[in-house]
Each structure stands twice: as C-alpha cells, then as structure tokens.
Amino acid sequence: MASINWRDEFGTGIDEADLEHARLIDSINALIRKLGDDPSEALIAEVLGRVRDKIATHFAAEEKVMRERGYDDYAGHKADHEILLDEIRAI
C-alpha cells in the first residue's frame, strides 16, 4: 500500500495547522506500514479506527481554530469534515 507524501498544496499558511497536517500524514503512514502486505480484516478495521480517531481529533482542533478566527466558510468546511468521517466509518 502506498504512503502519503507531504505536498506544498496541503499547506494552509497557518503554521500550527500545517504542522498538525504533517503529523497526521506521518501517523497515517505508520499505520499503513503496520498493515504490511497481507493484512487481516481485523487489522484493517483496527488501523482504520485509529486513522478515523486521529482525523476526528484533528478536525475538532481545526474547527476550534476556524471558529476563533471567524473563518467565513466554517459551516461548509465542517460539513466536508463530517462527510469524510462518514466515509471512513462506511469503509
């Protein structure tokens, strides 16, 4: 399974968010490596659960910053977060 590489387009211009995004990618890559070449369904479920938890924690922190800064598209961005979390749950 391929890992995720940081790209400049992932940057937001907000140092704390960009650092958190980079750490999240590192965590996801570590979990991908844990799956190895022949993962069991139980391990896949465990890894996806961990990824979902890390993403949900990140989204909560990001949404807090957006509220504090009065981000204009907060509702739309939060809705995008919910869609992604729902997609992960469905997997």
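Predicted model, so just to flag it, every value in this text is computed and none were measured.
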Next on the checklist: Could you go through L43 and V47, starting from their C-alpha distance and side-chain angles, then the distance that decides it, and tell me whether this counts as side-chain contact (heavy atoms from CB on, under 4.5 Å)?
Outcome noted: CA-CA 6 Å; L43 184 56; V47 167; 4.1 Å; yes

Please check if [X] and [Y] belong to a single hydrophobic cluster, counting links between Ile, Leu, Val, Met, Phe, Trp and Tyr side chain heavy atoms closer than 4.5 Å.
X: I14; Y: Y74; result: no
X: M66; Y: L24; result: no
X: I44; Y: L84; result: yes

[atom1] of [X]: more than 12 outside heavy atoms within 6.0 angstrom?
X: D86; atom1: CG; result: yes
X: D73; atom1: CG; result: yes
X: E82; atom1: CD; result: yes

Checklist entry - Which of parallel (below 30°), tilted (30 to 60°) and perpendicular (above 60°) describes Y71 and H77? => result perpendicular

Atom [atom1] in [X], atom [atom2] in [Y]: separation rounded to 0.5 Å?
X: L19; Y: T12; atom1: CG; atom2: OG1; result: 10.5 Å
X: I55; Y: I88; atom1: CD1; atom2: CD1; result: 3.5 Å
X: K54; Y: I25; atom1: NZ; atom2: CD1; result: 13.0 Å
X: D80; Y: K78; atom1: CG; atom2: NZ; result: 11.5 Å
X: T57; Y: D53; atom1: OG1; atom2: CG; result: 6.5 Å

Checklist entry - Who pairs with R23 by side-chain hydrogen bond (donor to acceptor under 3.5 Å, both in side chains), at least two apart in sequence or on another chain? => result none

Checklist outcome for this item: For E68, the side-chain hydrogen bond (donor to acceptor under 3.5 Å, both in side chains) test, sequence neighbours excluded, returns K64

Next on the checklist: Is there a side-chain contact (heavy atoms from CB on, under 4.5 Å) between E62 and V65? Walk through the geometry before answering.
Outcome noted: CA-CA 5 Å; E62 186 175 276; V65 170; 5.8 Å; no

Item to check | Student check: side-chain heavy atoms of I28 and I32 closer than 4.5 Å | outcome: yes

Checklist entry - Considering only heavy atoms from C-beta outward, does the side chain of H21 approach that of D18 to under 4.5 Å? => result yes

Checklist entry - Who passes side chain to side chain contact (heavy atoms under 4.5 Å, CB included) against E20, sequence neighbours left out? => result H58

